[in-house]
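Numbers for residues simply follow the sequence, beginning at 1. Start at 1 and go down the list; that is how both ligands and their atoms are numbered. Values reported hereafter were calculated over all heavy atoms of this structure, with side chains retained and with hydrogens, waters and symmetry mates removed.
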Amino acid sequence: MILILSPDTQPDSPEYNQLLGHLAQLPKIKTRIHQEKGAQLTLTEIYLIGDTASLALENMESLPGVERVVRISEEYRILGRHKDDHRPTHFEYNGVRFGQDNLNVFAGLCAVDTPEHVEMMMKALRDHGQVCTRMGAYKPRTSPYAFQGHGKSCLPWVFELAGKYGIKVIAMEVTHESHVDEIREALKQTGSPTGVMLQIGTRNTQNFELLKIVGRQREFPVLLKRGFGITLDESLNAAEYLASEGNRNVVFGLRGMKTNMGDPHRNLVDFAHVPVVRRLTRMPVCVDPSHSVGTRNRAPDGLLEIFHATLQGVIAGANMILVDFHPAPAKALVDGPQALLMEELPLFLECVRNAREAYEKNVRLMGEAKRS
Ligand code: PEP
Ligand code: MN
């Protein structure tokens with residue numbers, strides 16, 4: 001059960017203390033307090049954990065300071081959608097909105113290589129009105145002999161270039177807790193010219209200790225990718241780990257499932273699950289067509305299969321696209337064969353806009369049909 005307090009309830013107010021005193025007396029109930037400090041308001045939610053079935057909704061609603069009460073099902077307590085749950089389905093980070101009602105494109109390099117390539121990418125993004133990108137500095141690789149990413153040494157110049165071209169959010173994978181500290185330190189050192197969304201990759205979806213550490217910090221939002229060999233429920237529970245530790249600014253990423261049933265694609269594209277994740281949870285949903293499809297094959301209609309998969313995700317209501325680009329794919333140190341080319345960026349963005357418009361039109365049509 002969640003008690004949602006009236007906005008701006010102060011922790012030192014008599015009302016609040018009275019409420020906590022009352023809750024402390026409830027048998028077999030533990031409380032967990034979550035505060036969200038916005039620009040104007042501080043919102044407080046109190047989670048009651050334990051034998052809540054015996055608590056009457058009306059009684060809880062009449063407690064001092066309580067505005068609303070949501071009875072939650074067992075699943076995905078914090079990030080899930082529950083009956084009469086009007087908690088938000090969006091958050092804001094560094095001036096960019098991430099919500100189930102909008103769409104952001106994160107085109108960029110799979111792995112940071114040279115300053116020239118990073119600059120070409122960021123300049124192209126700026127020239128096409130984009131404020132987000134992907135840049136891998138820490139790369140989890142199948143082979144221990146493969147390039148592992150430049151790590152912390154590239155962070156200062158990547159962040160400075162991002163600032164130069166107005167990039168507000170960089171999705172960057174972390175595979176160890178020290179990476180979070182290195183990112184924080186490099187941002188501080190460069191005067192925070194940009195923001196970072198920490199990415200947890202598919203190989204770490206169930207790295208619970210990493211999830212707990214990343215969940216304990218609330219400075220950076222998190223993109224959690226679905227595990228490529230586990231159920232959707234298991235991956236959604238992994239996202240809930242982040243929230244249960246305090247960070248609910250989580251985007252859920254679909255990136256395809258590992259099975260040879262998806263051949264000749266690198267992974268079996270799972271974008272039909274976009275509406276499912278939106279129905280079960282309040283998280284914005286990301287699709288990664290590059291790591292799903294994994295090739296630059298072109299369909300007879302002229303569209304690359306990566307374009308097709310992207311547009312399938314967008315028409316299904318995706319809220320974020322993570323996609324590999326590279327100015328010189330032959331020279332890319334990771335995933336060159338699936339990278340889109342700089343000259344394909346405007347076309348890609350236009351196709352995405354068209355699919356998003358079609359999606360929004362379909363939603364409007366459905367709404368009108370329901371009302372009539
Ligand atoms: C990536 O986005 O660079 C990546 C490695 O993705 P995934 O974890 O989905 O394989
Ligand atoms: Mn990659």
What atoms in ligand 1 come closer than 4.0 Å to a heavy atom of Gly201? 8 (O)
Quick one: does Gln199 get within less than 4.0 Å of ligand 1, heavy atoms only? yes
Among all protein heavy atoms, pick the one closest to atom 5 (C) of ligand 1 and tell me residue, atom and distance. Glu173 OE1, 3.6 Å
Top protein contact for atom 8 (O) of ligand 1, by heavy-atom distance: Thr202 N, 2.8 Å
Once you measure the plane-to-plane angle for Phe98 and Phe106, does it fall in the parallel (<30°), tilted (30-60°) or perpendicular (>60°) bin? tilted
Going by atom types only, do Tyr241 and Asn207 share a side-chain donor-acceptor pair under 3.5 Å? no
Please state which protein non-hydrogen atom is closest to atom 6 (O) of ligand 1 and give its distance, to 0.1 Å? Lys225 NZ, 2.8 Å
Answer yes when Asp51 and Lys30 have at least one side-chain N-carboxylate O distance shorter than 4.0 Å, and no when they do not. no
Between His273 and Arg226, does a side chain to side chain donor-acceptor pair (under 3.5 Å) hold up when you go through it step by step? CA-CA 11 Å; His273 278 175; Arg226 176 183 194 172; 3.0 Å; yes
Atom name, Asp335 (N, O or S, nearest to the Mn ion (ligand 2)): OD2
Name the closest protein heavy atom to atom 9 (O) of ligand 1, giving the residue it belongs to and the distance to 0.1 Å. Arg255 NE, 2.5 Å
With a 4.0 Å cut-off, would you call Glu209 and Lys212 a salt bridge? yes
Tell me whether Lys258 forms a cation-pi arrangement with Phe228, defined as NZ or CZ under 6.0 Å from the six-membered ring centre and within 45 degrees of its axis. yes
